[in-house]
Trainee: 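One structure coming up, written as structure tokens, with questions to follow.
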Amino acid sequence: DESAAPIAGADGEILGAVFIFHDVSRARCLARQLAHQASHDFLTGLVNRHEFERRVGRALTRAQQEAVTQALCFLDLDKFKAINDSHGHTEGDELLLQVTGRLKETLGTAQELYRLGGDEFAIVTLESADLEQELEGTMQILLRALSEPFPCNNFIHHIGSSAGSALFPRQGNSTALLRAADIAMYKAKESGGGRHQFYTDAIDKET
């Protein structure tokens, strides 16, 4: 950034100018860092809940305009709280980092991964010709990956996970979609964990 001011003589003649330069690169870098911290989880680096909800609303608007189907999945670790309580938060944080790494490795770039807080994650799928069948296959691969042991420090943890999915526009607007995915995930957990459940009106009536 720069600014200039003229230097005039006694008779008003312009003799020169003073140029002032401001280095704003650090300020811009700091602004980018603050924006990233506001929208991303500090521990895992994944997009956080606040930014997730904003992006879901934007994605559903686009999906509605283009008349395509999208899916939202909630994924919750089955035994994380017990490990966090018995081994401490440092161990729990290390476990969450390993879970995040395994989820990223398994998902690749076909889906978007978010951390909603605690041991809960969200996945937004990109539209495809056979979304439900592909999603079911993806979730089964994810559940198997998370059922494998996690070596953390001097311990080996077995946690597993439960997942629930809802489809747009079938389940309505973004608020209804979030609620539907949450209901489906808790149904999977109540059914014994380690499984994936699509939302249906029937399981909603059971809650």
Trainee: Who passes side-chain hydrogen bond (donor to acceptor under 3.5 Å, both in side chains) against Ser174, sequence neighbours left out?
Mentor: none
Trainee: Using 0.5 Å steps for rounding, measure from the OH atom of Tyr186 to the CD atom of Gln197.
Mentor: 15.0 Å
Trainee: Side-chain contact test, heavy atoms from C-beta onward, threshold under 4.5 Å: evaluate it for Gln70 versus Arg62 and give yes or no.
Mentor: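 Yes. Closest side-chain heavy atoms under 4.5 Å.
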Trainee: Would you check if Leu46 and Leu103 make a side-chain contact, meaning some heavy-atom pair closer than 4.5 Å?
Mentor: no
Trainee: I'd like to know if the side chain of Asn48 and the backbone of Ala38 have a donor-acceptor N/O pair within less than 3.5 Å.
Mentor: yes
Trainee: Test of understanding: clusters of I, L, V, M, F, W, Y form through side-chain heavy atoms closer than 4.5 Å, transitively. Do Leu113 and Leu143 belong to the same one?
Mentor: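 No, it is not one cluster - the side chains of Leu113 and Leu143 are not joined through contacts under 4.5 Å.
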Trainee: Please list all pairs meeting salt bridge (Lys or Arg N to Asp or Glu O under 4.0 Å) that have one or both residues in residues 84-108, counting only residues at least two apart or in different chains.
Mentor: Lys81-Asp85
Trainee: Ignoring hydrogens, what is the shortest heavy-atom contact between Asn84 and Gly92? Give both atom names and the distance.
Mentor: OD1-CA, 3.4 Å
Trainee: Do you know which two heavy atoms are closest between Ala181 and Ala166, and how far apart they sit?
Mentor: N-CB, 3.7 Å
Trainee: Before accepting this row, confirm whether a basic side-chain N of the pair Glu53/Arg49 lies closer than 4.0 Å to the acidic partner's carboxylate O.
Mentor: yes
Trainee: Measure across Ala163 and Met139 and return the closest heavy-atom pair with its distance rounded to 0.1 Å.
Mentor: CB-CE, 3.4 Å
Trainee: With the side chain counted from C-beta on, respond yes when Thr100 and Arg115 share a heavy-atom pair under 4.5 Å apart, and no when they do not.
Mentor: no
Trainee: Salt bridge or not between Arg54 and Glu51? Use side-chain N to carboxylate O under 4.0 Å.
Mentor: yes
Trainee: For Gln171 and Leu167, indicate whether the former's side chain and the latter's backbone hold a donor-acceptor pair under 3.5 Å.
Mentor: yes
Trainee: For side-chain contact (heavy atoms from CB on, under 4.5 Å), just list the numbers for Asp41 and Phe52, CA-CA rounded to whole Å, side-chain angles, deciding distance to a tenth of an Å, and then say yes or no.
Mentor: CA-CA 11 Å; Asp41 175 56; Phe52 158 76; over 6 Å; no
Trainee: Could you state the interatomic distance from CG (Asp204) to CD1 (Ile183), rounded to the nearest 0.5 Å?
Mentor: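 Those atoms lie 4.0 Å apart.
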Trainee: Look at atom CD of Gln64 and say whether more than 12 heavy atoms of other residues, nucleotides or ligands are closer to it than 6.0 Å.
Mentor: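 Incorrect, the count does not exceed 12.
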Trainee: Listed by chain and number, what are the ring-ring contact (aromatic ring centres under 6.0 Å, His included) partners of His196, not counting sequence neighbours?
Mentor: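 Expected list: Phe198.
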Trainee: How far does CZ of Phe80 sit from CD1 of Ile159, to the nearest 0.5 angstrom?
Mentor: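 If we round to the nearest 0.5 Å, Phe80:CZ and Ile159:CD1 are 8.0 Å apart.
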Trainee: Quick one: are Phe121 and Val99 in side-chain contact, heavy atoms under 4.5 Å?
Mentor: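 Yes. Closest side-chain heavy atoms under 4.5 Å.
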Trainee: Any side-chain heavy atom of Leu75 within less than 4.5 Å of one from Leu146?
Mentor: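 They are in side-chain contact.
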Trainee: Report yes if some heavy atom in the side chain of Arg144 is under 4.5 Å from a heavy atom in the side chain of Gln140; otherwise report no.
Mentor: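 The answer is yes; the side chains approach within 4.5 Å.
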Trainee: So Ser165 and Leu72, do their side chains get closer than 4.5 Å, heavy atoms only?
Mentor: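 Side-chain contact under 4.5 Å: no.
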Trainee: Without swapping roles, check the side chain of Gln98 against the backbone of Pro151 for a donor-acceptor pair under 3.5 Å.
Mentor: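 Confirmed, Gln98 side chain pairs with Pro151 backbone.
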Trainee: Membership question, hydrophobic clusters at under 4.5 Å side-chain separation (ILVMFWY): are Leu43 and Ile83 in the same one?
Mentor: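 Yes.
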Trainee: Roughly how far apart are Asp119 CG and Lys79 NZ, rounded to 0.5 Å?
Mentor: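 Spacing of CG (Asp119) from NZ (Lys79) equals 13.5 Å.
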Trainee: Which atoms form the tightest heavy-atom contact between Gly194 and Asp78, and what is the distance?
Mentor: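 So the minimum-distance heavy-atom pair works out to N-OD2, 3.0 Å.
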Trainee: CG/Leu107 to CG/Leu142 distance, rounded to the nearest 0.5 angstrom?
Mentor: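 Output value for this atom pair is 4.5 Å.
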Trainee: Output, in order, the C-alpha distance, side-chain angles, deciding distance and verdict of side chain to side chain donor-acceptor pair (under 3.5 Å) for Asp76 and Ser162.
Mentor: CA-CA 5 Å; Asp76 189 86; Ser162 301; over 6 Å; no
Trainee: If you apply the rule side-chain contact (heavy atoms from CB on, under 4.5 Å), what do you find for Leu96 with Leu77, and how did you get there?
Mentor: CA-CA 10 Å; Leu96 285 172; Leu77 305 182; 4.0 Å; yes
